[in-house]
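Single-structure report; data block below.
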Amino acid sequence: MNTITDHPALLSARLKHETAGLHQEMHDLMAQLQPFSSRARYASFVAAQYHFQRDVEHLFDDPALRAAVPDLQVRGREAAALADLADLDIDPGQAALATTAVRMPEALGWLYVSEGSTLGAAFLLKEVKDRLGLHEQFGARHLAAYPEGRALVWRRFVGLLDQPGLSPVAQQAVLDGAKAAFARFGELLRQQFAAA
Ligand code: HEM
């Protein structure tokens with residue numbers, strides 16, 4: 001009996017594995033854009049984060065996403081990013097929502113990218129503190145850990161992703177949503193830094 005191929009990969013593992021290249025591209029783009037080299041460049045980064053969080057939180061209105069992720073009220077950093085921009089005295093400008101046509105199960109892929117980025121945010125927060133003197137109560141609120149802690153809120157999300165019941169077609173839609181979300185964040189970063 002082949003116990004390995006009898007068990008399909010968990011959705012969380014597929015997401016991590018199949019978007020690893022896109023995650024690396026984000027690292028490369030960040031290295032190129034140097035968002036922590038000045039407060040002005042950091043403000044462009046926060047504006048990109050704000051517009052991305054608007055895209056993601058727009059999905060919270062979908063009852064199907066609320067049913068799949070019952071703790072949505074503790075997630076999302078749109079308000080924090082907007083408060084950071086106010087701290088920095090920056091107007092985020094306008095950006096059309098990218099998610100008006102996104103529904104479940106793609107929506108879960110978008111949320112995966114947003115929630116996953118809270119893990120990397122621990123490292124970004126340290127850099128922002130050390131290099132720019134900002135912190136969780138001023139300018140870097142959106143990089144702060146959730147009150148319950150990053151790891152716990154992430155593990156709970158992974159638990160929801162890996163609940164049995166999503167068909168292979170639905171799982172593929174989650175993957176497609178995650179890929180679209182990574183592409184959107186890259187697009188927003190490029191736009192914000194081009195306008196800076
Ligand atoms: C230079 C910037 C970044 C750094 C240093 C970074 C770093 C990290 C680290 C250390 C983890 C945790 C890996 C683990 O515990 O296994 C992580 C996970 C993740 N990051 Fe990033 N990250 C960055 C940018 C981003 C961006 C911009 C996004 C999305 C817009 C993103 C999305 C994710 C996702 C989805 C995960 C979860 C991976 C998984 O376990 O499934 N990251 N990142």
Side-chain angles (χ1 to χ4, degrees), residues 8-38 41-59 65 69 72 75-78 80-81 84 92 95 97-99 102 105-132 134 140 142-146 149-163 166 171-193:
L10 291 172
L11 179 56
S12 64
R14 285 193 67 194
L15 280 161
K16 181 170 183 158
H17 181 70
E18 294 182 36
T19 64
L22 296 170
H23 189 233
Q24 184 57 45
E25 279 179 28
M26 291 296 120
H27 277 235
D28 296 346
L29 190 55
M30 295 276 285
Q32 185 191 321
L33 296 174
Q34 293 289 316
F36 310 123
S37 58
S38 69
R41 293 191 77 73
Y42 174 67
S44 299
F45 171 74
V46 182
Q49 291 272 41
Y50 167 68
H51 289 299
F52 183 67
Q53 287 299 313
R54 275 187 72 229
D55 290 334
V56 170
E57 289 201 28
H58 170 72
L59 302 170
L65 182 65
V69 186
L72 265 187
R75 305 183 185 274
R77 285 158 289 133
E78 177 183 339
D84 287 337
L97 278 176
T99 50
V102 175
E106 285 89 343
L108 208 46
W110 279 77
L111 189 59
Y112 163 77
V113 175
S114 177
E115 290 302 305
S117 74
T118 66
L119 302 178
F123 297 87
L124 307 188
L125 177 62
K126 183 174 184 326
E127 222 176 322
V128 169
K129 282 180 168 176
D130 293 349
R131 296 178 64 180
L132 299 175
L134 301 169
H142 80 284
L143 298 174
Y146 289 131
R150 296 182 202 275
L152 191 143
V153 179
W154 173 247
R155 279 201 303 271
R156 209 161 63 216
F157 180 67
V158 168
L160 295 168
L161 280 177
D162 290 340
Q163 273 177 356
L166 274 191
Q171 291 203 14
Q172 188 55 52
V174 179
L175 280 154
D176 291 345
K179 289 174 189 169
F182 269 115
R184 172 62 170 166
F185 193 72
E187 173 191 60
L188 283 167
L189 276 178
R190 285 188 192 88
Q191 276 173 7
Q192 291 299 325
F193 279 86

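We count ligands from 1, going down the list as the structure has it; atoms in each ligand are counted the same way.
Regarding atom 10 (C) of ligand 1, its nearest protein heavy-atom neighbour is F123 CE1, 3.4 Å. Counting only heavy atoms of the protein, atom 40 (O) of ligand 1 lies nearest to K16 CD, 3.5 Å. If you check which protein heavy atom lies closest to atom 27 (C) of ligand 1, you get F185 CE2, 3.4 Å. Scanning the protein for heavy atoms near atom 39 (C) of ligand 1, the closest one is Y112 OH, 3.4 Å.
For L124, the heavy-atom gap to ligand 1 drops under 4.0 angstrom. Residue-ligand proximity: L15 is placed with every non-hydrogen atom at 4.0 Å or more from ligand 1. Not close to ligand 1: F52, with no non-hydrogen atom less than 4.0 angstrom away.
Contact check for V113 versus F185: no side-chain heavy atoms found under the 4.5 Å cut-off. In this structure, the side chains of Y146 and E115 come closer than 4.5 Å at one or more pairs of heavy atoms. With a 4.5 Å cut-off on side-chain heavy atoms, R156 and L152 count as touching. Considering only heavy atoms from C-beta on, R131 comes within 4.5 Å of S37 through its side chain. Contact annotation: the side chain of H51 never approaches that of Q191 to less than 4.5 Å [non-hydrogen atoms, C-beta and beyond].
Under the 3.5 Å distance criterion, the side-chain polar atoms of R77 are matched with a main-chain donor or acceptor of S114. Within the 3.5 Å criterion, the main-chain N or O of L10 finds no donor-acceptor partner in the side chain of D162.
In this structure, H23 and H27 have perpendicular ring planes: the angle between them is above 60°, well past the 30° mark. The aromatic rings of Y42 and F36 sit tilted relative to each other, their planes meeting at an angle between 30° and 60°.
For ligand 1, none of its N or O atoms has an N or O atom of W154 under 3.5 Å away.
Under 4.0 Å is where a charged nitrogen must lie from a carboxylate oxygen, and between R190 and E187 no such pair does.
Shown here, atom 13 (C) of ligand 1 is out of close reach of the protein: none of its heavy atoms lies under 4.0 Å off.
Excluding water, every protein N/O/S atom under 2.8 Å from atom 21 (Fe) of ligand 1 is given here by residue and atom: H23 NE2.
By the criterion of a heavy-atom distance under 4.0 Å, neither the backbone nor the side chain of T19 is placed next to ligand 1.
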Open item on the list: Go through it in stages, so that I can follow the logic: the residues are Q32 and D28, the test is side-chain hydrogen bond (donor to acceptor under 3.5 Å, both in side chains), and I'd like the CA-CA distance, side-chain angles, deciding distance and then a yes or no.
Closed with: CA-CA 6 Å; Q32 185 191 321; D28 296 346; over 6 Å; no
